[in-house]
Amino acid sequence: YRENNEMESQEVMCAILGIFNLAVPSSELRTQAVALSKKQQHRGPDWSGVYEHDNAVIVHERLAIVDVDNGSQPLYSPHEVNDKKYVLAVNGEIYNHKQLTEQLEKPHHFTTHSDCEVLLALYKEKGTEFLNSLEGMFAFILYDEVKQSYFVARDPVGIIPLYIGH
């Protein structure tokens with residue numbers, strides 16, 4: 001904090017929290033996950049979103065920068081094709097999202113103008129191999145409901161912090 005209690009600009013950004021491979025029902029962990037995420041809500045004061053599944057709980061605290069009206073997270077793969085099986089929570093920016101969208105092999109329906117939604121399409125087409133094509137500063141959680149697997153990554157330089165615990 002600065003002396004006048006204003007937050008430094010680098011402290012304000014989104015925040016993500018994920019709990020996976022649950023040993024207890026997700027409904028029992030949801031309250032705890034939301035309470036833990038509230039401790040980082042100052043980073044993303046514009047929106048709180050929660051995803052809960054049998055094997056995962058993901059909470060996102062959003063700072064609305066890109067697609068202020070529709071970019072709330074977690075993001076889901078498009079539901080109109082009965083494919084709402086991938087869930088994404090991101091902290092950061094994907095600088096080359098327009099180029100990545102143009103390079104997709106198949107047409108994808110995007111429900112937001114978020115720079116991060118392209119990650120869902122890239123995962124659908126390439127699996128985790130898309131990671132090296134990203135330019136930006138980011139940390140993300142991508143959960144696959146069908147495989148009950150998760151993919152957690154951050155930018156190679158570590159501009160966006162990511163802490164993993166067991």
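Note: hydrogens, waters and symmetry copies are ignored here, and every other heavy atom, side chains too, is used.
Under the 3.5 Å distance criterion, the side-chain polar atoms of Asp155 are matched with a main-chain donor or acceptor of Ile160. Distance alone, capped at 3.5 Å, is enough to place a donor-acceptor pair between the Glu125 side chain and the Glu105 backbone. One N or O on the side chain of Ser77 and one on the backbone of Tyr86 form a donor-acceptor pair closer than 3.5 Å. Judged purely by atom type and a 3.5 angstrom limit, Asp54 has no side-chain atom pairing as donor or acceptor with the backbone of Glu145.
No side-chain donor from either of His97 and Glu117 sits under 3.5 Å from a side-chain acceptor of the other. Side chains of Ser27 and Glu52: no donor on one and acceptor on the other come within 3.5 Å.
Of the options Tyr143, Tyr76, Tyr150, Phe20, a ring-ring contact (aromatic ring centres under 6.0 Å, His included) to His53 is made by Tyr143 and by none of the others.
Atom CE in Met137 sits 10.0 Å away from atom CD1 in Ile94 (nearest 0.5 Å). One distance of note links CG of Asn55 with NZ of Lys147; it measures 15.0 Å at 0.5 Å rounding. Lys126 NZ to Ser133 OG: the interatomic distance, rounded to the nearest 0.5 Å, is 5.5 Å. Interatomic distance, Ile16 CD1 to Ile141 CD1, rounded to the nearest 0.5 Å: 4.0 Å. Distance check, rounded to the nearest 0.5 Å: CG of Leu100 to CD of Glu135 gives 7.5 Å. Taken to the nearest 0.5 Å, the CG atom of Asn132 stands 8.0 Å off from the CG atom of Leu134.
Residues that satisfy the ring-ring contact (aromatic ring centres under 6.0 Å, His included) test with Tyr95, not counting sequence neighbours, are absent from this structure. Shown here are the side chain to side chain donor-acceptor pair (under 3.5 Å) partners of Asp144, two or more places apart in sequence or in another chain: Tyr123.
Minimum heavy-atom separation, Ser26 to Ala56: CB-O, 4.3 Å. Annotation for Pro161 and Ala139: closest pair O-CB, 4.1 Å, computed over non-hydrogen atoms. Residues His60 and Ala89 come closest through the heavy atom pair CD2-CB, 4.1 Å. The shortest heavy-atom contact between Ala153 and Leu131 is CB-CD1, 3.8 Å. In plain terms, the two heavy atoms of Val157 and Arg154 that are nearest each other are C-NH1, 3.7 Å.
At least one side-chain heavy atom of Val87 sits under 4.5 Å from a side-chain heavy atom of Ile58. Proximity of Val90 to Asp115: side-chain heavy atoms (C-beta onward) are nowhere separated by under 4.5 Å. Side-chain contact between Phe140 and Asn91 is absent, with no heavy atoms from C-beta onward closer than 4.5 Å. In this structure, the side chains of Leu120 and Phe110 stay at 4.5 Å or more apart for every pair of heavy atoms.
With hydrophobic clusters built from ILVMFWY side chains whose heavy atoms lie under 4.5 angstrom apart, Val146 does not share a cluster with Val152. Tyr163 and Leu17 are not part of a single hydrophobic cluster, where members link through side-chain heavy atoms under 4.5 Å apart.
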